[in-house]
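A short write-up of the structure that comes next.
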Amino acid sequence: MARKVIAGNWKMNGDRSFAQDLVKSLLSRPEWGDLKAEVVVCPPALLVSSVAEQTAGTPIHVGGQDCHQNARGAHTGDQSPELLADLGASHVIVGHSERRQDHGETDNQIRSKAEAALRAGLTPIFCIGETEQERSDGQTLAVVEKQIRDGLPDLSAADSGADRLIVAYEPVWAIGTGKTATASDVAEVHAALRRLLIELLGEQGGQTVPLLYGGSVKPDNADELLSVDDVDGALIGGASLKADDFWAIALATL
Ligand code: 13P
């Protein structure tokens, strides 16, 4: 069985005081003792250091939103996975559709980034998902399976176990649109992803990887989405910017 994971992707939102207030509010919740889910917040890179300091010794994990495939070097403006780890991050999102679209990231590049993240000791949150056009062409499963086959990091190369990998299925058309996939669509995709992970990583490894759903997850649809078989948690954008909403979704894992 995969562990539960609730991750917030703040994208390019927030400043120092916003981050401090949001984290403070989350830390003040009374239900932490009951929550079994791994809770991760992924602030903008420039806030990773201060959020990691604020959450040190607490149950909140901190993640980056992207990293370079090299640990260091002449890569102006990019984020080193080793530096993210040094600042206190434990996770990093790779292959988000906004990176694929805005920066032309390829499956090969994403695999290299995920492997660099693993080498740096980070847990990659590896994102996949089809566009609206691909969905209407009936290509959803083919697209996400190709993204996994071509982009999944080689765990042995980075000397890591499957417990160091998280996969997030985020249909591109559901991101920030208020549209969500139906529970039966999500069930179909997640079942296919689980089968593929078992094929690639073996029974034990494939069952261990948490499979998150992302795309307009809100408090009012979290119960339904999180109760789908093989949905082990959520990757949350807009609703992760509001402590009450993010927390309500986290509580839906109970
Ligand atoms: P929304 O929850 O705002 O749709 O964003 C989802 C997402 O892209 C998380 O990575």
Side-chain angles (χ1 to χ4, degrees), residues 4-14 18-19 22 26 37-45 47-48 51 61-67 79 84 89-103 105 110 113-114 117 122-132 134-135 140 143-144 147-148 151 165-183 185-186 189-190 193 210-226 228 231-253:
K4 303 264 184 242
V5 179
I6 293 292
N9 175 7
W10 296 3
K11 307 193 179 182
M12 201 172 70
N13 295 295
F18 170 89
L22 179 47
L26 291 175
E38 183 171 301
V39 175
V40 188
V41 295
C42 302
L47 290 174
V48 164
V51 172
H61 300 264
V62 180
Q65 297 177 9
D66 174 51
C67 68
Q79 314 302 334
L84 278 173
S90 51
H91 295 64
V92 63
I93 297 169
V94 293
H96 193 280
S97 61
E98 287 151 15
R99 299 286 317 171
R100 292 178 190 258
Q101 279 174 350
D102 296 353
H103 300 271
E105 290 190 5
I110 291 159
K113 286 178 179 225
L122 299 168
T123 294
I125 303 176
F126 172 80
C127 298
I128 54 171
E130 83 288 1
T131 62
E132 189 144 42
E134 289 163 341
R135 165 156 292 236
T140 299
V143 168
V144 295
Q147 288 171 329
I148 295 248
L165 177 67
I166 296 170
V167 171
Y169 167 56
E170 299 202 302
V172 178
W173 50 271
I175 294 177
T177 57
K179 296 185 205 165
T180 46
T182 63
D185 286 341
V186 176
V189 176
H190 278 235
L193 294 175
L211 273 177
L212 314 187
Y213 171 79
S216 298
V217 179
K218 308 278 182 231
D220 61 3
N221 59 25
D223 274 330
E224 188 188 7
L225 289 164
L226 290 170
V228 172
V231 173
D232 305 306
L235 180 56
I236 306 148
S240 74
L241 299 171
K242 296 185 188 134
D244 288 350
D245 287 2
F246 185 64
W247 196 247
I249 297 167
L251 294 182
T253 62

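Throughout, numbering of the chain's residues begins at 1 and tracks the sequence. Atoms within each ligand, like the ligands themselves, are counted from 1 in listed order. As the structure is a prediction and not an experimental result, all values here were calculated from the model.
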Decide if atom CD of Q101 counts as having more than 12 heavy atoms of other residues, nucleotides or ligands within a radius under 6.0 Å.
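Yes, enclosed.
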
Atom NZ of residue position K242 - does it have more than 12 heavy atoms of other residues, nucleotides or ligands inside 6.0 Å?
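Count not over threshold, so no.
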
Can you find a pair of side-chain heavy atoms, one from [X] and one from [Y], that are under 4.5 Å apart?
X    : Y    : answer
E170 : N9   : no
V189 : E130 : no
P43  : V62  : yes

Go through ligand 1 atom by atom and flag the ones less than 4.0 Å from a non-hydrogen atom of [X].
X    : result
L235 : 9 (C), 10 (O)
S216 : 1 (P), 2 (O), 4 (O)
G215 : 4 (O), 6 (C)

Can a donor-acceptor pair be found, under 3.5 Å and without considering hydrogens, that links the side chain of R100 to the backbone of G95?
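Indeed, once roles are kept as given, a pair shorter than 3.5 Å links the two residues.
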
Could you tell me if any non-hydrogen atom of K11 lies under 4.0 Å from any atom of ligand 1?
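It does; at least one heavy atom falls under 4.0 Å.
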
Please compare G129, A239, A234, G176 and report which has the shortest non-hydrogen distance to atom 4 (O) of ligand 1.
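Nearest option to atom 4 (O) of ligand 1, by heavy atoms: G176.
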
Per atom 3 (O) of ligand 1, closest listed option by heavy atom (G238, A174, A168)
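Closest candidate by heavy-atom distance is G238.
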
Any N or O of E98 that comes nearer than 3.5 Å to an N or O of ligand 1?
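No, E98 has no N/O under 3.5 Å of an N/O on ligand 1.
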
Nearest non-hydrogen protein atom, atom 2 (O) of ligand 1
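That would be G237 N, 2.9 Å.
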
Among all the protein's non-hydrogen atoms, which is closest to atom 9 (C) of ligand 1, and how far away is it?
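Nearest protein contact, heavy atoms only, for atom 9 (C) of ligand 1 is E170 OE2, 2.8 Å.
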
So W10 and F18, would you call those rings parallel, tilted or perpendicular, with 30° and 60° as cut-offs?
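Correct class here is perpendicular.
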
I175 and ligand 1 - part of the residue with a heavy-atom distance under 4.0 Å:
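Under 4.0 Å from ligand 1, I175 contributes backbone and side-chain atoms.
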
